[in-house]
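Both counts, for ligands and for their atoms, begin at 1 and track the order of listing. Scope of the values below: all heavy atoms of this structure, side chains included, with no hydrogens, waters or symmetry mates.
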Amino acid sequence: MIRPAWVEINLDALKHNFNAIREFAGSTVKIIATIKQSAYGHGVIPIARQLSLMGVNYFGVGSVEEAIFLRDAGFSEPILVLSSVSSEFADKFVDYSITPTVVNLHFAKSLNSIAKERNKRCPVHVHIDTGMGRLGYYYKDAAVLVKELAELDNLYLEGIYTHFPSADVDSNFTIEQINKFNSFTSHMESLGITFLYKHSANSMGVLNYPQACINMIRPGLILYGISPVDSIPIEVAPVMALKSRVIFIKKVDKGMSVGYGRTYIAKRSVYIATVEIGYADGYPWSLSGKGIVSIKGRNYPVVGRVCMDHIMVELENGNDVKEGDEVLLFGRSGDDFIPVEKIARLANTIPYEIVSRLSLKLPRVYLPNKLAYQQ
Ligand SMILES: *Cc1c(COP(=O)(O)O)cnc(C)c1O
């Protein structure tokens, strides 16, 4: 690693968070660990390996490619693809033992006929919409689909699920969703159509709606130690820290400008440190003139615009920081801490976007053993 910019991933923090979630939800509730998009940028293989060691029940991924990547790496846990996939790729689910989300009959029939050819029975999770408006039949119209699915001999209705769009802010709406979901599944059960797993809770659902954690949950964000809201009922530890180093320091006289567009003009004579991180790494351009970094336990402001590979920060004076010093962009490092939630707020986005868009070119260093792993 010659270019000094890297991401530290603390697997002990992940362990802590997984245990905290399991304890909070209760030991009878199965956990689908949501590890889509390279485990929210944390690097999917080491994260999946740690979760596997801890006895995770299921992995939730975003695409067939991600699921095959895990299978090729040797993971044998069940894997649910949390999206709808074209029927032309139905064979992948059967051949790699991947569980699809089913939202239409066309896909289900293709899958059924391939499973029949291979003499297999394929588990599926049917996704119904109770208010997200993204995937799945609206719950009022879904009975027809589910009844038809139940007739397909080489499929097994292992699960049914729905998704909350606003569990963080709108409890009336979320409670209505829970009621709609429960009455739909009860109606199906009254017709003899049963499901081993029923799930609806993302992180916020797990934290705020114990009644939604029927027998399975799908946490993502809190696994990584990030809070969806200011205060949550469990203590989680941030897993990711973004770090770099000061590569240059210079004195800038009053009236001189720093960076593209000359948006920063020194009001007095100051020292400016250039740090090796930029928007091509996923450090948001919107932090121009707004970000903060920590060097040796002290916060400094990002001044001027974020460049493709660099940012500039204003120092207090010429001798508090030196070239080569480590810079914390966000996350925890010893006692030093810049919450990614705060960086997201300053960048006018959400922490999900910050972590999942960090370039996979940045090396991930896994603590406690400092093993490096590049995606
Ligand atoms: C991403 C995702 C989750 C996890 O959401 P968090 O808010 O990160 O906990 C759960 N379910 C589905 C369907 C998802 O797409």
Inset, instruction - For Ser86 and Phe89, indicate whether the former's side chain and the latter's backbone hold a donor-acceptor pair under 3.5 Å. - result: no
Inset, instruction - Step by step, work out the salt bridge (Lys or Arg N to Asp or Glu O under 4.0 Å) result for Arg245 and Glu276. - result: CA-CA 6 Å; Arg245 291 188 190 279; Glu276 185 90 11; over 6 Å; no
Legend entry - Protein residues having a heavy atom less than 4.0 Å from any atom of ligand 1: Thr34, Lys36, Tyr40, Arg134, His163, Asn202, Ser203, Arg218, Pro219, Gly220, Leu221, Tyr352
Inset, instruction - Taking Asn154 for its side chain and Asn112 for its backbone only, find out whether a donor-acceptor pair lies under 3.5 Å. - result: no
Donor-acceptor contacts, no H, no angles, side chain residues 252-263, under 3.5 Å, sequence neighbours left out:
unit_1	atom_1	unit_2	atom_2	d
Ser257	OG	Arg262	NE	2.8

Legend entry - Check: Tyr58 ring centroid to His125 ring centroid under 6.0 Å: yes
Legend entry - Cys307 backbone acceptor or donor facing His310 side chain under 3.5 Å: no
